[in-house]
**Student:** 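Attaching a single structure in structure tokens format; questions to follow.
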Protein chains: 2
Amino acid sequence: MVTLKDVARASGVSIKTVSRVVNGTAEVSAETRQRVKGVISDLGYQPNTMARSLVNGRSNTVGVIIPHSVGYIFSHPFFNEVLRGIAEVLANNNLNLLLHLAHQNTPYAQLYNQRRVDGLIFMSVLTGDPNLDGVLESKSPCVFTCRIVEENNPTNWVDADFVGGLEQAVEHLISLGHRRMALLAGPRNLISVLLRVKGYRQAVTRNGLTVDEDNIHYVDFSSEAGHDLALQLMQKPNPPTAILCGDDMMAIGVIQGLQEAGRRVPQDVSVIGFDDISLARFSTPPLTTIRQDTFRKGQIAAETLIRLMTKGIENSPFQQILSTQLIIRSTTALAPR
Amino acid sequence: MVTLKDVARASGVSIKTVSRVVNGTAEVSAETRQRVKGVISDLGYQPNTMARSLVNGRSNTVGVIIPHSVGYIFSHPFFNEVLRGIAEVLANNNLNLLLHLAHQNTPYAQLYNQRRVDGLIFMSVLTGDPNLDGVLESKSPCVFTCRIVEENNPTNWVDADFVGGLEQAVEHLISLGHRRMALLAGPRNLISVLLRVKGYRQAVTRNGLTVDEDNIHYVDFSSEAGHDLALQLMQKPNPPTAILCGDDMMAIGVIQGLQEAGRRVPQDVSVIGFDDISLARFSTPPLTTIRQDTFRKGQIAAETLIRLMTKGIENSPFQQILSTQLIIRSTTALAPR
DNA sequence: CTGAAAGCGCTAACAT
DNA sequence: ATGTTAGCGCTTTCAG
């Protein structure tokens with residue numbers, strides 16, 4: 001391996017001078033700079049980032065954490081979009097991205113405590129995840145792409161307005177005359193799922209209807225789960241005329257299940273998704289859904305983290321809710337009858 | 001920051017002894033080990049991985065590279081699956097995953113030359129990507145999840161059998177009586193796309209038909225592109241009765257486009273996808289597709305890289321083709337007459 | 001404008 | 001079984 005020392009020797013200057021031209025730290029006479037630069041490219045010198053990190057105390061790397069139990073839905077388009085937003089911002093700031101798909105019981109804080117990363121971004125936190133212990137104590141700069149449960153919690157986060165999103169969806173369905181609705185919220189250990197339920201409840205109640213607790217279902221974010229539950233629901237004596245889904249993948253599964261059960265979408269049953277993944281527009285029929293800007297969410301998370309890392313932790317936590325938008329396509333229609 | 005020295009001082013032993021208990025390198029008397037361990041947990045000592053890497057010359061990190069122009073399809077389910085396979089294997093081997101979504105013109109070899117990673121995995125290589133320059137010279141252990149163009153190239157790769165997959169698909173369509181077929185292959189700069197075309201050509205020719213070059217289309221792997229092209233195709237005087245798609249996302253867009261054009265799937269037009277993403281089963285109608293085991297592909301890539309990193313580069317390159325499987329669902333039927 | 005020396009936190013000989 | 005010493009490659013005082 002070619003080191004600074006090699007370059008220094010070959011160009012007849014001191015190590016420090018080479019270091020200076022490499023980093024542009026201080027002024028070096030044009031003449032020596034040229035010579036050193038020549039030697040650097042002749043020898044193919046590349047700085048050793050590990051040595052740099054050791055002395056600087058910074059790894060120039062950000063850890064992006066996806067909790068284990070979420071692994072199975074890692075194939076979810078949602079994640080890529082957020083990740084893409086994060087990756088873009090980090091790249092523009094010359095930061096590396098360490099992707100940590102939590103697999104075993106390793107406390108997340110360890111990545112920071114061992115100086116492997118300078119900060120952390122958490123995608124989807126599961127309530128009660130023991131690996132989260134120690135994150136706050138570590139003083140690691142960190143940002144969550146979903147809000148944290150506890151009230152008055154000083155964590156930094158960006159999140160979509162799940163409450164408002166569900167409210168819009170419910171209003172839409174009610175305005176179409178639907179009264180019997182089912183909500184397939186998502187897995188119970190996700191905060192965002194609880195928020196969806198909250199929004200649903202609020203809107204239903206506000207419209208003078210009563211919430212049918214039996215029609216709130218906690219199932220995985222997967223087409224399969226949606227498909228299976230749709231079949232089940234249609235066997236009930238009084239099946240719902242509208243199904244609200246926690247995400248688009250589920251909704252697509254629901255539509256398929258409904259068709260297998262001999263129901264037409266949207267004539268017999270209306271369906272609404274959440275996310276507006278790229279596919280939503282091209283599903284059959286095109287999906288009515290609540291759009292959240294996942295890419296932007298990732299960008300904001302990364303931008304916030306960078307601010308935390310450079311200017312130190314701000315006194316007040318950064319907490320931002322991104323508004324959602326109801327996109328009406330072809331899976332919702334007037335309630336039958 | 002708590003260092004080895006601090007622990008040594010606090011427990012009254014030498015630095016080296018502490019290092020030994022931390023790493024379990026050599027025998028230490030049970031009594032001192034206990035004491036040192038106690039101090040370690042009292043002080044909350046965590047080893048500095050950067051210092052370790054500097055002296056070991058290893059970062060214990062693997063770089064996973066997704067070329068820039070592919071970025072826009074990073075939301076493609078295909079990538080997650082491969083990535084998940086890679087992540088799992090790396091995690092089991094205590095290796096970190098540095099995700100490099102190439103954004104600007106940074107030579108990929110740099111990650112290795114700067115000692116940031118110990119090896120590289122390339123997901124999807126674009127023909128003629130200038131950032132690839134220097135990768136071979138760097139002697140970095142690396143594995144590609146797609147084969148490389150040049151013949152007799154000593155690169156290591158795992159890849160799906162695109163040629164065979166397309167052949168199966170064509171045979172299936174021909175057996176159903178289809179004669180006018182269109183192929184939406186994918187972007188021209190992907191090797192896998194050229195292989196799809198090759199398989200298509202071979203099977204068509206083998207069956208005594210002639211390849212209609214005008215019906216081979218090079219379009220993006222996206223629902224949108226599929227949708228738009230389907231609409232276009234249906235306006236032709238003699239539209240195809242079957243459409244082969246380079247991937248499932250495209251196929252789903254095609255189905256939607258066909259329906260907008262008033263064609264029924266599969267009665268009027270048959271459609272075949274590629275990948276068998278989780279959604280394929282739940283699209284409407286359920287998609288006939290060519291399955292490739294993307295998760296396994298990722299696993300194999302990572303396993304191979306680890307072998308390369310630990311046992312050194314083997315003399316013969318590792319090159320493996322994973323077989324594909326035709327999954328017949330409901331988007332293919334007898335050709336209309 | 002340039003150089004010498006010290007040290008980041010750790011591991012690896014080589015003692016003892 | 002344990003300690004001493006010397007670096008890994010780089011940056012940072014502090015001198016010249």
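Below, chain A is the first sequence line, B the second, and so on; all start at residue 1.
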**Student:** Does the side chain of A:Gln110 pick up a donor-acceptor pair with the side chain of B:Gln46 at under 3.5 Å?
**Tutor:** no
**Student:** Considering only heavy atoms from C-beta outward, does the side chain of B:Ile86 approach that of B:Val62 to under 4.5 Å?
**Tutor:**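 The answer is no; the side chains never approach within 4.5 Å.
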**Student:** Side chains of A:Asn80 and B:Asn80: any donor to acceptor distance under 3.5 Å?
**Tutor:**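 Note: B:Asn80 and A:Asn80 side chains meet the donor-acceptor criterion.
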**Student:** Sugar-phosphate means primed atoms, P, OP1 and OP2; the rest is base. With that split, encode nucleotides 5-16 of chain C 5' to 3' as B, S or - using protein heavy atoms under 4.0 Å.
**Tutor:** ---BBSBB----
**Student:** So, is B:Ser14 near the phosphate of D:dT4, with a side-chain N or O under 4.0 Å from OP1 or OP2?
**Tutor:** no
**Student:** Looking only at side-chain N and O atoms, does B:Ser53 come under 4.0 Å of OP1 or OP2 in D:dC8?
**Tutor:**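 For D:dC8, OP1/OP2 do not have a side-chain N/O of B:Ser53 under 4.0 Å.
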**Student:** Less than 3.5 Å apart, any donor N or O on the side chain of B:Asn156 or B:Arg307 sitting next to an acceptor on the other?
**Tutor:** no
**Student:** In plain terms, say whether A:Arg58 and A:Asp118 are close enough for a salt bridge, that is, a side-chain N and a carboxylate O under 4.0 Å apart.
**Tutor:** no
**Student:** Would one find more than 12 heavy atoms of other residues, nucleotides or ligands at under 6.0 Å from atom NZ of A:Lys37?
**Tutor:**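 Not buried by this count: 12 neighbours or fewer within 6.0 Å.
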**Student:** Can you see if the side chain of A:Thr17 gets near the phosphate of C:dT2 - specifically, an N or O under 4.0 Å from OP1 or OP2?
**Tutor:** no
**Student:** What is the distance, to the nearest angstrom, from the CZ atom on B:Arg115 to the C1' atom on D:dC8?
**Tutor:** 12 Å
**Student:** Can you check the B:Arg58 CZ to D:dG9 C1' distance for me, whole Å?
**Tutor:**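 Rounded to whole Å, this separation is 17 Å.
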